[in-house]
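Just below is one structure, and these are the notes that go with it.
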There are 2 protein chains.
Amino acid sequence: MKVEVAQPPLLEQVELYTDYYEFTMAQGYLLSGRANERATFDYFFRDIPFDGGFVVFAGLKDVLDHLEQLQFSNDSIEFLKSQGFQKPFLDYLRDFQFNGNIYSVPEGEIVFPNEPIVRVEGPIIHTQIIETFLLNLLNFESLIATKAARMRLMAGERKLIDFGLRRSQGFGGILASRAAMIGGFDATSNVYAARKFDIPASGTMAHSWIQSFDSELEAFRKFADLYPENTILLVDTYDTLNQGIPNAIKVAKELEEQGHQLKGIRLDSGDLAYFAHQARKQLDEAGLAYVKIAASNQLDEYVIKSLLDQKAPIDVFGVGTRLVTGDQSPALDGVYKLSQLNDEPRFKISENIEKQTLPAMKQIYRFYDEEDQFYGDAITLDHESAPHRMYHPHITNKNADTSRFTSGPLLKEVMRDGKISGTQPAIAQSAAYMRERLEQLPSEYKRFDNPHIYKVGISQSLMDIRDQLLAEYKMITTP
Amino acid sequence: MKVEVAQPPLLEQVELYTDYYEFTMAQGYLLSGRANERATFDYFFRDIPFDGGFVVFAGLKDVLDHLEQLQFSNDSIEFLKSQGFQKPFLDYLRDFQFNGNIYSVPEGEIVFPNEPIVRVEGPIIHTQIIETFLLNLLNFESLIATKAARMRLMAGERKLIDFGLRRSQGFGGILASRAAMIGGFDATSNVYAARKFDIPASGTMAHSWIQSFDSELEAFRKFADLYPENTILLVDTYDTLNQGIPNAIKVAKELEEQGHQLKGIRLDSGDLAYFAHQARKQLDEAGLAYVKIAASNQLDEYVIKSLLDQKAPIDVFGVGTRLVTGDQSPALDGVYKLSQLNDEPRFKISENIEKQTLPAMKQIYRFYDEEDQFYGDAITLDHESAPHRMYHPHITNKNADTSRFTSGPLLKEVMRDGKISGTQPAIAQSAAYMRERLEQLPSEYKRFDNPHIYKVGISQSLMDIRDQLLAEYKMITTP
């Protein structure tokens, strides 16, 4: 029997990293004798961030690792006691071990609004308690993986390095760096994430290094002495074109004499396109075609696109704030909704039609055209086979014949009775999968301006169940 | 002698939560024999987030606690070894204990662009190593405290509760909840932060609780049975006006018969102003004027303002995503720049004029008018007394006579030789200070639309030093 050692939890008492009402409700389920009713919850989001056409799913492995180890320490239980929670509930928590089943799309999968991309089944008290943590991680990692993938789409095969730690949202930087890798980044400056997730660590130098010497040239020389094989010189501390690059060239020549090569220079201010062209010219004229040009300073997918449209000869993009925070869309609006209880489908109507949920235990089928490109997805009942027709969730005369497509289910078992099923892919595997899947996504969904809206329909059987519930509900409430 | 027990670190191996280049530079300082040169770094930001007129400073206590305990574990040192760091540096880290001095404005202070709000002095290797962590925490907590304060300005004395954990950026939620309190929030749903920082925890119920019962009324009754003194009923699962509120009223009446009072109802969708008016009317007509109305769903300072402009009778605002992420301004752009080395002032010119830094060891004086309102701030040399005239940093014929104002220095010693000086204020004290200081900030800086730009000038002596450096620099570089 294979014994796997679980990673230690990310922080002490992580079991408390949840909303207070999860505990009041959990205690409620317990004290009203309903703790073990079987519940199914769906994780899904409603809107694509960045006005984009797709989302890259990430965070699953961190959620599963957490659930496998989730325990309530004495200290946590004491704290809950001090908050007025009652003895039977505290005793229950003392022996708590999550024992639900989880079906999910894999990390790196391309997903769309309203799809139940993670399905959690188990005793309602278990499935309730884990809500906040699951939402927090999946929302955030998917957000950043998506942002990263948008930059990867623009950067082609050029290097993308995460420089965001100083602007990340507190300890949000831990998972931001991981998610960026799933979305296609090459390395991170974040040493903690490098250690924790086995990500390549990377870094250059700060202005302070240069300022701390009496001259820029001396600062460059000293750094190159120390790291002859791994020096990227920051050239904008005083005057990029007249001093920074000429000094870098001097040092590169000195390195050559010692049998080494300067790795690169970094531009961090000014007009990056202009400076990159000028830098390339100066370097090439000095016979230093091998010296790479790195650029940083408020980069994002739009700036990268603009720089490359201007044919800026930049080899490495260092991206910070706008990667690790998600910039103008700093949250994915994922939610976690009850869809079944004790074999009975459940739903929520709400005052906003877009907040109405889909009942029952479900599956997602993806349809592929003759070139293996994504055509659209259908949400079906679980155990249903791929439907031959799918329907717009609200406008039923909008529907599509899907019989001509090949298809496959997206949700697979990833946890059974609280134990991870098989081995979750490594980050590099998820990143490779992401690239593969992004290739299969037609370009009209990948463009930044008004991307085409991907088709997500529902099957006839799912629609029937929902409409029946709605009818029953109306019968009860209409006078 | 008073012995204080430091809080345990927020996460294991937090010493690695930094940029890789801090270590390459630190090793560089050590190996080039410059580790103990005395450096001064300034923390300051350039732009106010949210297009606002002020920033609330926060995060200092977390930084100081971190610095007091900062150590490199064997595991961390092994990791750095695996990255190629050399034995003398690894040995140095093994005995590392931060021993710098820090001067800072207090948490809750109102601050403005380009002011050196934290000044760190010490051996350059120490002051360099701590850069990323300091930036990360101060940038994020100040961002969220500022966002919270903007909501507090709008909400008056109504309750503000942080509901953001599920949408916070991974473990960013830990410090977001703390910062929200400094910015004027009353409680949080985040149990971890409640435990860690002794913040009041708060929560209501989710839709899943209601969906899990056969009827909404039964779900309400059961919750009220369990928490007769602390029930806030979520009324929008099916039909707010025709079912949710009438059911809540029924349960409130039943509670009254048992000698209890329903605490409140919560609206989470639809037109909150309309529903709040209707709910208040229904409740009042039922003799339930004491039942509070809580509202949530994508709230921020603008929505709160709009709701109150419409006289929506809302008593409690539950704010999530747009609080804990900073919404459209998800980062404060704080930086950490070398300003002095071994008694010599240092600066950085850069290609962008706004990225030019102010040299030397500095102080900030705030000027107060006859009504004790803020007039403006002057950045001076350290040990300079309050100047009688201050100058625009770049347009020197813009200057102001400050002799008629009272004034006081903003930077105070908070750490001496790596030990916290005195006791840092508790969160509630910082929050109270914030409110006091916000009262002293004239309203034109507090409005949301085109707030007036607060005057931050420099003293003649500081200007002289900067201009002298600039002249020396130009003499060197101009052919």
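The basis for the numbers below is simple: all heavy atoms, side chains too, and nothing from hydrogens, waters or symmetry mates. Predicted model only: the values in this text are computed from it and were never measured. Just so it is clear: chains get the letters A, B, ... in the order the sequence lines come, proteins before strands, and each one is counted from 1.
Among A:Asn139, A:Asp19, A:Thr18, the single residue meeting the side-chain hydrogen bond (donor to acceptor under 3.5 Å, both in side chains) criterion with B:Arg166 is A:Asp19. Of the candidates A:Gln128, A:Lys337, A:Glu22, B:Ser208 forms a side chain to side chain contact (heavy atoms under 4.5 Å, CB included) with just one, namely A:Gln128.
Between B:Gly28 and A:Tyr227, the shortest heavy-atom distance links the atoms N-OH, 3.9 Å. Contact record, B:Asn136 with A:Leu165: ND2-O, 2.8 Å, taken as the closest heavy-atom pair. Nearest heavy-atom pair across A:Tyr20 and B:Ala201 is CD1-CB, 3.5 Å. The minimum heavy-atom distance linking A:Leu175 with B:Gly170 is given by the pair CD1-CA, 4.3 Å. Smallest separation of non-hydrogen atoms from A:Arg167 and B:Leu332: CD-O, 3.4 Å. Across B:Gln211 and A:Arg346, no two heavy atoms sit closer than the pair O-NH1, 2.8 Å.
Both the backbone and the side chain of A:Asp268 come within contact range of chain B, each with at least one heavy atom under 4.5 Å from a heavy atom of that chain. Within the 4.5 angstrom heavy-atom criterion, only side-chain atoms of A:Leu143, from C-beta onward, approach chain B. In this structure, chain B has heavy atoms under 4.5 Å from both the backbone and the side chain of A:Asp214. Only the side chain of A:Thr321 comes within less than 4.5 Å of a heavy atom in chain B; its backbone stays farther off. For A:Ser202, the part lying under 4.5 angstrom from a heavy atom of chain B is the backbone only. Both the backbone and the side chain of A:Asp333 come within less than 4.5 Å of a heavy atom in chain B. Contact annotation for B:Ala194: both backbone and side-chain heavy atoms come within less than 4.5 Å of a heavy atom of chain A.
Side chain to side chain, A:Gln169 and B:Ser168 fail the donor-acceptor criterion of an N or O pair below 3.5 Å. In this model, a donor atom of one side chain and an acceptor atom of the other lie less than 3.5 Å apart for A:Ser212 and B:Arg34.
Contacts with chain A were tallied for B:Ser82, B:Gly172, B:Gly203; B:Gly172 has the most, counting heavy-atom pairs under 4.5 Å. Contact tally against chain A (heavy-atom pairs below 4.5 Å) for B:Phe213, B:Phe41, B:Phe223: the top residue is B:Phe213. Your options are B:Glu15, B:Gln328, B:Met25, and the one with the most heavy-atom pairs under 4.5 Å with chain A is B:Met25. The candidate with the highest count of non-hydrogen atom pairs below 4.5 Å against chain A, out of B:Glu141, B:Gln83, B:Gln27, is B:Gln27.
Aromatic ring pairs are classed by plane angle as parallel below 30°, tilted from 30° to 60° and perpendicular above 60°; the pair B:Tyr192 and A:Tyr17 is perpendicular.
No more than 12 heavy atoms of other residues, nucleotides or ligands sit less than 6.0 Å from atom CG of A:Asp198.
Checked for salt-bridge contact, B:Lys348 and A:Asp236 miss the test: no charged N lies under 4.0 Å from a carboxylate O.
Between A:Tyr29 and B:Trp209, the gap from one ring centroid to the other is short of 6.0 Å.
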